[in-house]
Amino acid sequence: MRWRDPVLRCAALVAFFVAAHGVVAGQVGAGAATVVTEQTHGDVNLKVGAVLEVRLEANHTTGYSWVFAPALNPVLMRQGRAAYQEHVAGSTVGAGGVEIWRFKAMKAGKQGLQFEYRRPWEKGSPPAKVVTFTVTVE
């Protein structure tokens, strides 16, 4: 088997995209991570025990970060604090990154997730962006 063969490279690429589509669309089994981004449509389906990973573009050098509003009777449990990963674009000063939030599906039900992109000290100002997801856990 030679990776230089265009048919094998094409087959590997197709397999990768099929697998990636299943992850982004929320079609993975229990315990696996489902990844959603700002560009993902707002509805996500999970099984109890699965992990939801939310990846949101951010630039902490501007003072902005994503703020999550907790639900009253959650079906998802936040897994620690959000992590920030800088983009490795030639180590450009001021280049943005991505905030990574993880939630575990604890019980069946439906929960909305809302994230606001704001400067935490600007209490009276509207957020620069708002991203919402509706998560259904079965």
Q: Do F103 and F133 have their ring centres less than 6.0 Å from each other?
A: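 Ring-ring flag for F103/F133: false, centres at least 6.0 Å apart.
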Q: Does T62 have any side-chain hydrogen bond (donor to acceptor under 3.5 Å, both in side chains) partners at least two apart in sequence or in another chain, and if so, which?
A: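 Scan of T62 (side-chain hydrogen bond (donor to acceptor under 3.5 Å, both in side chains), adjacent residues dropped) gives none.
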Q: If the condition is side-chain hydrogen bond (donor to acceptor under 3.5 Å, both in side chains), which residues does Q111 pass it with, not counting sequence neighbours?
A: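 Partners of Q111 by the side-chain hydrogen bond (donor to acceptor under 3.5 Å, both in side chains) criterion come out as none, since no residue qualifies.
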Q: Examine V75 and V36 and state if one hydrophobic cluster contains both, with Ile, Leu, Val, Met, Phe, Trp and Tyr joined whenever side-chain heavy atoms are less than 4.5 Å apart.
A: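 Yes, one cluster joins them.
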Q: Please report the closest heavy-atom contact between R118 and E122, naming both atoms and the distance.
A: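 Taking R118 first and E122 second, the nearest heavy atoms are NH1-O, 3.8 Å.
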Q: Which residue pairs pass the side chain to side chain donor-acceptor pair (under 3.5 Å) test when at least one of the two sits in residues 63-79, sequence neighbours left out?
A: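 Checked against side chain to side chain donor-acceptor pair (under 3.5 Å) - neighbours excluded - the pairs reaching residues 63-79 are N73-K107.
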Q: Determine, using the 4.5 Å side-chain heavy-atom cutoff (strictly less than), whether L76 and V48 are members of one ILVMFWY cluster.
A: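 Linked within one cluster.
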Q: Verify the cluster assignment for V54 and F68: are they in a single hydrophobic cluster under the rule of side-chain heavy atoms below 4.5 Å apart?
A: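 Yes; F68 is reachable from V54 via cluster members.
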Q: If you compare all heavy atoms of K47 against all heavy atoms of V137, which two are closest, and at what distance to 0.1 Å?
A: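 In terms of heavy atoms, the two residues are closest at C-CG1, 4.0 Å.
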Q: Where the side chain of E38 meets the backbone of E57, is there a donor-acceptor pair that is under 3.5 Å apart?
A: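 Side chain of E38 to backbone of E57: a pair is present.
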Q: What is the distance from atom OG1 of T134 to atom CG of N45, rounded to the nearest 0.5 Å?
A: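 Those atoms lie 10.0 Å apart.
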Q: Going by the rule side-chain hydrogen bond (donor to acceptor under 3.5 Å, both in side chains), which residues pair with E86 if we only count those two or more places apart in sequence or in a different chain?
A: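 Not a single residue meets the side-chain hydrogen bond (donor to acceptor under 3.5 Å, both in side chains) criterion with E86.
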Q: Grab the two heavy atoms, one from L46 and one from A105, that are nearest each other, plus how far apart they are.
A: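 That would be CD1-CB, 4.2 Å.
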Q: Rounded to the nearest 0.5 Å, what separation is found between the CG atom of L56 and the OH atom of Y117?
A: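 L56 CG to Y117 OH: 10.0 Å, rounded to 0.5 Å.
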Q: How long is the span from the OG1 atom in T136 to the NZ atom in K110, to the nearest 0.5 Å?
A: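 One finds 4.5 Å between OG1 of T136 and NZ of K110.
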Q: My understanding is that only residues two or more places apart in sequence, or in another chain, count here; which of them pass side chain to side chain contact (heavy atoms under 4.5 Å, CB included) with T61?
A: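 With neighbours one apart ignored, the set is N59.
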Q: Determine which pairs satisfy side chain to side chain donor-acceptor pair (under 3.5 Å) with at least one residue from residues 93-102, sequence neighbours left out, and list them in order.
A: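 Sorted result for residues 93-102: E53-R102, H60-E99, E99-W101.
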Q: Apply side-chain contact (heavy atoms from CB on, under 4.5 Å) to the pair L113 and L52, showing each step before the final yes or no.
A: CA-CA 11 Å; L113 292 179; L52 173 67; 3.7 Å; yes
